[in-house]
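One structure is given here, and the rest of the page talks about it.
Count residues from 1 along the sequence. Both counts, for ligands and for their atoms, begin at 1 and track the order of listing.
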Amino acid sequence: MPQTIERDEVERIDRYPTRTGARTAHIERPDPTVWGAIESAELTTFDRDGFAVVEDLLSPDEVALFSAEISRLAADPALAEDDRLIVEKASRRVRSIFEVHKLSGAVADLVRESRVAGLARQVLGSDVYLHQTRINYMPGFRGRGFYWHSDFETWHAEDGMPSPRAVSLSIALTDNHPVNGSLMVMPGSHRTFVPCQGSTPAEHYRESLQEQEIGVPTTDDIGSLASRHGIVQFTGRAGSALLFDSNLMHGSSNNITPFPRSNIFLVFNSVENTLEEPFAAPGRRPTYIGSRDFTPV
Ligand code: 6CS
Ligand code: FE
(Lines give C-alpha, C1' and ligand atoms only; values in the text may rest on other atoms or scores of the structure.)
(Ligands and ions follow the chains in the order given, each with its own letter.)
Protein backbone atom coordinates (compact mmCIF):
# COMPACT_ATOMS: atom_id res chain seq x y z
CA MET A 1 0.00 0.00 0.00
CA PRO A 2 1.70 3.28 -1.10
CA GLN A 3 2.46 5.62 1.77
CA THR A 4 2.42 9.42 1.83
CA ILE A 5 5.48 10.95 3.42
CA GLU A 6 4.98 14.35 5.05
CA ARG A 7 8.31 16.11 4.85
CA ASP A 8 8.61 19.93 5.07
CA GLU A 9 4.99 20.16 3.85
CA VAL A 10 6.02 18.44 0.58
CA GLU A 11 3.74 15.44 0.00
CA ARG A 12 5.52 12.53 -1.65
CA ILE A 13 3.98 9.17 -2.58
CA ASP A 14 6.21 6.26 -1.62
CA ARG A 15 5.25 3.21 -3.71
CA TYR A 16 7.91 1.08 -2.02
CA PRO A 17 7.56 1.79 1.71
CA THR A 18 10.25 0.05 3.74
CA ARG A 19 11.89 0.36 7.17
CA THR A 20 8.62 1.89 8.41
CA GLY A 21 8.70 0.24 11.84
CA ALA A 22 5.72 -1.95 10.98
CA ARG A 23 5.86 -5.42 9.48
CA THR A 24 4.32 -5.03 6.01
CA ALA A 25 3.43 -7.50 3.30
CA HIS A 26 5.42 -8.07 0.14
CA ILE A 27 4.56 -5.64 -2.66
CA GLU A 28 4.05 -6.88 -6.20
CA ARG A 29 6.24 -4.59 -8.30
CA PRO A 30 4.06 -1.93 -9.97
CA ASP A 31 6.89 -1.02 -12.37
CA PRO A 32 8.04 -2.91 -15.48
CA THR A 33 11.34 -4.81 -15.56
CA VAL A 34 12.25 -3.88 -19.12
CA TRP A 35 11.50 -0.30 -20.16
CA GLY A 36 13.26 -0.44 -23.52
CA ALA A 37 13.63 -2.83 -26.45
CA ILE A 38 15.85 -5.87 -26.00
CA GLU A 39 18.16 -6.34 -29.01
CA SER A 40 20.98 -8.52 -27.60
CA ALA A 41 20.32 -12.26 -27.66
CA GLU A 42 21.91 -12.62 -24.22
CA LEU A 43 19.24 -10.40 -22.68
CA THR A 44 16.12 -12.30 -23.78
CA THR A 45 15.75 -13.93 -20.36
CA PHE A 46 16.13 -10.66 -18.47
CA ASP A 47 12.44 -9.76 -18.22
CA ARG A 48 11.45 -13.21 -16.89
CA ASP A 49 14.40 -13.89 -14.56
CA GLY A 50 15.56 -10.40 -13.61
CA PHE A 51 19.09 -11.22 -14.76
CA ALA A 52 21.10 -12.39 -17.74
CA VAL A 53 24.60 -13.79 -18.19
CA VAL A 54 26.92 -12.20 -20.73
CA GLU A 55 29.67 -14.74 -21.49
CA ASP A 56 33.15 -13.44 -22.36
CA LEU A 57 32.28 -9.76 -22.08
CA LEU A 58 35.99 -9.17 -21.54
CA SER A 59 38.77 -10.88 -23.51
CA PRO A 60 41.51 -12.69 -21.58
CA ASP A 61 43.85 -9.74 -22.23
CA GLU A 62 41.28 -7.33 -20.81
CA VAL A 63 40.79 -9.57 -17.77
CA ALA A 64 44.55 -9.38 -17.18
CA LEU A 65 44.50 -5.60 -17.61
CA PHE A 66 41.61 -5.01 -15.17
CA SER A 67 42.99 -7.55 -12.69
CA ALA A 68 46.26 -5.62 -12.63
CA GLU A 69 44.23 -2.42 -12.22
CA ILE A 70 42.29 -3.64 -9.18
CA SER A 71 45.47 -5.05 -7.61
CA ARG A 72 47.12 -1.65 -8.11
CA LEU A 73 44.22 0.12 -6.40
CA ALA A 74 44.11 -2.31 -3.46
CA ALA A 75 47.83 -1.74 -2.87
CA ASP A 76 47.80 2.03 -3.39
CA PRO A 77 48.93 3.68 -0.12
CA ALA A 78 47.09 6.85 -1.15
CA LEU A 79 43.81 4.91 -0.89
CA ALA A 80 44.54 3.18 2.40
CA GLU A 81 42.84 5.89 4.47
CA ASP A 82 40.29 6.87 1.82
CA ASP A 83 36.62 6.40 2.83
CA ARG A 84 36.00 4.76 -0.54
CA LEU A 85 38.12 1.80 0.50
CA ILE A 86 36.23 -0.66 2.75
CA VAL A 87 38.11 -3.34 4.68
CA GLU A 88 36.80 -6.68 5.92
CA LYS A 89 35.63 -6.49 9.56
CA ALA A 90 37.79 -9.35 10.81
CA SER A 91 40.73 -9.75 8.50
CA ARG A 92 41.09 -6.01 7.69
CA ARG A 93 41.87 -7.03 4.12
CA VAL A 94 40.43 -4.90 1.31
CA ARG A 95 36.75 -5.79 0.84
CA SER A 96 35.56 -3.11 -1.63
CA ILE A 97 36.66 0.08 -3.34
CA PHE A 98 33.94 2.51 -4.47
CA GLU A 99 33.98 5.07 -7.29
CA VAL A 100 36.36 2.87 -9.25
CA HIS A 101 35.48 4.73 -12.48
CA LYS A 102 37.13 7.82 -10.97
CA LEU A 103 40.19 5.91 -9.78
CA SER A 104 40.86 3.97 -12.98
CA GLY A 105 40.88 5.44 -16.48
CA ALA A 106 40.55 1.95 -17.93
CA VAL A 107 37.30 1.41 -16.03
CA ALA A 108 36.05 4.87 -17.00
CA ASP A 109 36.58 3.98 -20.66
CA LEU A 110 34.99 0.54 -20.33
CA VAL A 111 31.84 1.97 -18.76
CA ARG A 112 31.14 4.09 -21.82
CA GLU A 113 31.48 1.27 -24.34
CA SER A 114 28.22 0.19 -25.97
CA ARG A 115 28.92 -3.46 -25.00
CA VAL A 116 28.52 -2.21 -21.38
CA ALA A 117 26.38 0.93 -21.20
CA GLY A 118 24.39 -0.33 -24.19
CA LEU A 119 23.15 -3.30 -22.16
CA ALA A 120 21.74 -0.94 -19.54
CA ARG A 121 20.17 1.36 -22.15
CA GLN A 122 18.35 -1.58 -23.76
CA VAL A 123 16.79 -2.63 -20.45
CA LEU A 124 16.14 0.82 -19.01
CA GLY A 125 14.89 2.36 -22.26
CA SER A 126 16.65 5.68 -21.73
CA ASP A 127 20.00 7.33 -21.31
CA VAL A 128 21.76 6.08 -18.21
CA TYR A 129 24.19 7.44 -15.68
CA LEU A 130 26.41 5.74 -13.09
CA HIS A 131 24.71 5.45 -9.72
CA GLN A 132 27.58 3.49 -8.15
CA THR A 133 30.72 1.61 -9.14
CA ARG A 134 32.75 -0.63 -6.92
CA ILE A 135 35.22 -3.48 -6.86
CA ASN A 136 34.30 -6.41 -4.65
CA TYR A 137 37.50 -8.28 -3.86
CA MET A 138 36.04 -11.21 -1.95
CA PRO A 139 39.58 -12.34 -1.02
CA GLY A 140 40.39 -15.99 -0.43
CA PHE A 141 40.52 -17.74 2.94
CA ARG A 142 38.50 -15.17 4.90
CA GLY A 143 36.43 -13.34 2.29
CA ARG A 144 33.13 -12.31 3.88
CA GLY A 145 29.97 -12.69 1.80
CA PHE A 146 26.95 -10.43 1.45
CA TYR A 147 23.75 -11.55 3.19
CA TRP A 148 20.52 -11.78 1.17
CA HIS A 149 19.27 -8.37 0.07
CA SER A 150 17.70 -6.29 -2.68
CA ASP A 151 19.97 -3.47 -3.78
CA PHE A 152 16.96 -1.34 -4.68
CA GLU A 153 15.61 -1.58 -1.10
CA THR A 154 18.79 0.15 0.07
CA TRP A 155 19.00 2.57 -2.84
CA HIS A 156 15.35 3.56 -2.32
CA ALA A 157 15.57 3.89 1.47
CA GLU A 158 19.04 5.44 1.75
CA ASP A 159 19.74 7.09 -1.62
CA GLY A 160 16.24 8.23 -2.60
CA MET A 161 15.99 6.17 -5.80
CA PRO A 162 12.28 6.38 -6.74
CA SER A 163 11.78 3.20 -8.82
CA PRO A 164 13.72 0.02 -9.57
CA ARG A 165 14.69 1.37 -13.01
CA ALA A 166 18.37 0.52 -12.51
CA VAL A 167 20.61 -2.43 -13.35
CA SER A 168 23.92 -3.74 -12.08
CA LEU A 169 26.61 -5.32 -14.20
CA SER A 170 28.92 -7.57 -12.23
CA ILE A 171 32.02 -8.38 -14.30
CA ALA A 172 34.03 -11.35 -13.03
CA LEU A 173 37.78 -10.77 -12.95
CA THR A 174 38.49 -14.15 -11.42
CA ASP A 175 36.82 -17.48 -12.15
CA ASN A 176 33.53 -17.69 -10.26
CA HIS A 177 33.26 -21.24 -8.93
CA PRO A 178 30.35 -22.63 -6.88
CA VAL A 179 32.78 -22.85 -3.95
CA ASN A 180 34.39 -19.40 -3.78
CA GLY A 181 31.53 -17.17 -2.78
CA SER A 182 29.90 -16.67 -6.16
CA LEU A 183 26.69 -14.70 -6.33
CA MET A 184 23.41 -16.52 -5.56
CA VAL A 185 20.21 -15.11 -7.06
CA MET A 186 16.51 -16.01 -6.96
CA PRO A 187 15.20 -15.97 -10.55
CA GLY A 188 12.01 -13.90 -10.81
CA SER A 189 12.31 -12.40 -7.32
CA HIS A 190 12.76 -8.94 -8.86
CA ARG A 191 8.97 -8.72 -9.29
CA THR A 192 8.41 -8.73 -5.53
CA PHE A 193 9.46 -5.83 -3.33
CA VAL A 194 10.24 -7.04 0.19
CA PRO A 195 9.83 -4.25 2.75
CA CYS A 196 12.44 -4.59 5.51
CA GLN A 197 12.10 -3.91 9.20
CA GLY A 198 14.17 -1.60 11.37
CA SER A 199 14.95 2.05 10.86
CA THR A 200 18.09 3.37 9.22
CA PRO A 201 20.69 4.67 11.68
CA ALA A 202 22.66 7.82 10.81
CA GLU A 203 25.69 7.02 8.63
CA HIS A 204 24.47 3.44 8.31
CA TYR A 205 26.85 2.84 5.40
CA ARG A 206 29.78 2.77 7.82
CA GLU A 207 28.51 -0.61 9.04
CA SER A 208 26.34 -1.85 6.17
CA LEU A 209 29.15 -1.96 3.60
CA GLN A 210 31.06 -4.32 5.88
CA GLU A 211 28.05 -6.31 7.07
CA GLN A 212 24.46 -5.27 6.39
CA GLU A 213 21.97 -5.85 9.23
CA ILE A 214 19.32 -3.18 8.55
CA GLY A 215 17.50 -3.44 5.24
CA VAL A 216 17.77 -7.21 5.02
CA PRO A 217 14.73 -9.50 4.63
CA THR A 218 13.62 -11.83 7.40
CA THR A 219 14.20 -15.57 7.25
CA ASP A 220 10.47 -15.95 6.49
CA ASP A 221 10.84 -13.55 3.53
CA ILE A 222 13.86 -15.45 2.23
CA GLY A 223 12.19 -18.81 2.79
CA SER A 224 9.04 -17.87 0.92
CA LEU A 225 10.93 -16.29 -2.00
CA ALA A 226 13.33 -19.24 -2.27
CA SER A 227 10.45 -21.74 -2.24
CA ARG A 228 8.73 -19.78 -4.98
CA HIS A 229 11.75 -19.00 -7.19
CA GLY A 230 14.58 -21.33 -6.24
CA ILE A 231 18.19 -20.23 -5.99
CA VAL A 232 20.78 -20.30 -8.78
CA GLN A 233 24.43 -19.43 -8.66
CA PHE A 234 26.28 -17.20 -11.10
CA THR A 235 29.40 -19.18 -11.96
CA GLY A 236 31.59 -18.54 -14.94
CA ARG A 237 35.02 -17.84 -16.30
CA ALA A 238 36.80 -14.59 -15.59
CA GLY A 239 35.57 -12.11 -18.19
CA SER A 240 31.94 -13.20 -18.04
CA ALA A 241 29.38 -10.85 -16.55
CA LEU A 242 25.98 -10.85 -14.89
CA LEU A 243 23.49 -8.08 -15.63
CA PHE A 244 20.80 -7.98 -12.97
CA ASP A 245 17.78 -5.95 -11.94
CA SER A 246 18.16 -3.59 -8.97
CA ASN A 247 15.44 -5.45 -7.05
CA LEU A 248 16.65 -9.01 -7.61
CA MET A 249 17.13 -10.87 -4.32
CA HIS A 250 20.79 -11.90 -4.16
CA GLY A 251 23.56 -12.73 -1.75
CA SER A 252 26.88 -14.53 -1.56
CA SER A 253 28.45 -16.84 0.97
CA ASN A 254 31.87 -16.48 2.58
CA ASN A 255 34.92 -17.49 0.64
CA ILE A 256 37.24 -19.79 2.58
CA THR A 257 38.91 -21.23 -0.52
CA PRO A 258 42.29 -19.94 -1.66
CA PHE A 259 40.61 -18.58 -4.82
CA PRO A 260 39.50 -14.93 -4.65
CA ARG A 261 36.22 -13.98 -6.30
CA SER A 262 36.86 -10.45 -7.49
CA ASN A 263 34.46 -8.50 -9.64
CA ILE A 264 33.88 -5.02 -10.95
CA PHE A 265 30.37 -3.85 -10.17
CA LEU A 266 28.81 -1.09 -12.33
CA VAL A 267 25.36 0.27 -11.45
CA PHE A 268 23.44 2.15 -14.14
CA ASN A 269 20.36 4.17 -13.28
CA SER A 270 17.93 5.67 -15.79
CA VAL A 271 18.15 9.44 -16.22
CA GLU A 272 14.34 9.29 -15.75
CA ASN A 273 14.84 7.85 -12.26
CA THR A 274 17.28 10.25 -10.62
CA LEU A 275 17.75 10.32 -6.86
CA GLU A 276 15.46 12.35 -4.63
CA GLU A 277 15.81 12.61 -0.85
CA PRO A 278 16.12 9.25 0.98
CA PHE A 279 12.75 7.55 1.48
CA ALA A 280 13.75 5.97 4.80
CA ALA A 281 16.96 7.38 6.20
CA PRO A 282 17.91 10.46 8.24
CA GLY A 283 20.28 11.80 5.60
CA ARG A 284 21.90 11.23 2.24
CA ARG A 285 24.82 8.84 1.76
CA PRO A 286 28.08 10.14 0.32
CA THR A 287 28.11 10.60 -3.43
CA TYR A 288 30.82 7.97 -3.88
CA ILE A 289 28.11 5.44 -2.86
CA GLY A 290 25.02 7.08 -4.39
CA SER A 291 26.11 9.50 -7.10
CA ARG A 292 24.26 12.75 -7.67
CA ASP A 293 25.98 13.47 -10.93
CA PHE A 294 23.19 12.52 -13.36
CA THR A 295 25.23 13.21 -16.50
CA PRO A 296 24.41 10.47 -19.02
CA VAL A 297 27.22 8.00 -19.74
O1 6CS B 1 24.62 -0.33 -0.10
C2 6CS B 1 24.95 -0.45 -1.28
O3 6CS B 1 24.76 0.44 -2.13
C4 6CS B 1 25.72 -1.71 -1.68
N5 6CS B 1 25.42 -2.80 -0.82
C6 6CS B 1 25.23 -4.04 -1.27
C7 6CS B 1 25.25 -5.17 -0.31
N8 6CS B 1 24.93 -4.31 -2.55
C9 6CS B 1 24.60 -3.15 -3.36
C10 6CS B 1 25.50 -2.02 -3.13
O11 6CS B 1 26.73 -2.22 -3.72
FE1 FE C 1 24.03 -6.10 -3.62
Run through all N or O atoms in ligand 1 and write down each protein N or O closer than 3.5 Å, as a pair with its distance.
unit_1	atom_1	unit_2	atom_2	d
ligand 1	1 (O)	R285	NH1	3.0
ligand 1	3 (O)	Q132	NE2	2.9
ligand 1	3 (O)	W155	NE1	2.8
ligand 1	3 (O)	R285	NH2	2.9
ligand 1	8 (N)	H149	NE2	3.3
ligand 1	8 (N)	D151	OD1	3.0
ligand 1	11 (O)	Q132	OE1	2.6
ligand 1	11 (O)	R134	NH1	2.4

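- A parallel orientation is assigned to the rings of H156 and F279, their planes being inclined by less than 30° (bins at 30° and 60°).
- Here the closest non-hydrogen pair linking P260 and Y137 is CB-O, 4.2 Å.
- Side-chain polar atoms of T154 and Q212 form a donor-acceptor pair below 3.5 angstrom.
- Between R12 and E276 there is a salt bridge, since a side-chain N of the basic residue sits under 4.0 Å from a carboxylate O of the acidic one.
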Check your understanding: Going through the checks in order, is the salt bridge (charged side-chain N to carboxylate O under 4.0 Å, His left out) test met by R191 and E28?
Key -> CA-CA 6 Å; R191 294 190 182 283; E28 283 313 300; over 6 Å; no
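- Each protein N/O/S atom under 2.8 Å from the Fe ion (ligand 2) was counted, for a total of 3.
- Of the possible polar contacts, none joining the R142 side chain to the R93 backbone as a donor-acceptor pair under 3.5 Å is found.
- No close placement of the F244 and F234 rings is indicated, their centers lying 6.0 Å or farther apart.
- Sorted by first and then second residue, the ring pair (Phe, Tyr, Trp, His ring centres under 6.0 Å) pairs involving residues 49-105 (not counting sequence neighbours) form an empty list.
- Sorted by first then second residue, the salt bridge (Lys or Arg N to Asp or Glu O under 4.0 Å) pairs that include residues 146-155, not counting sequence neighbours, are R19-E153.
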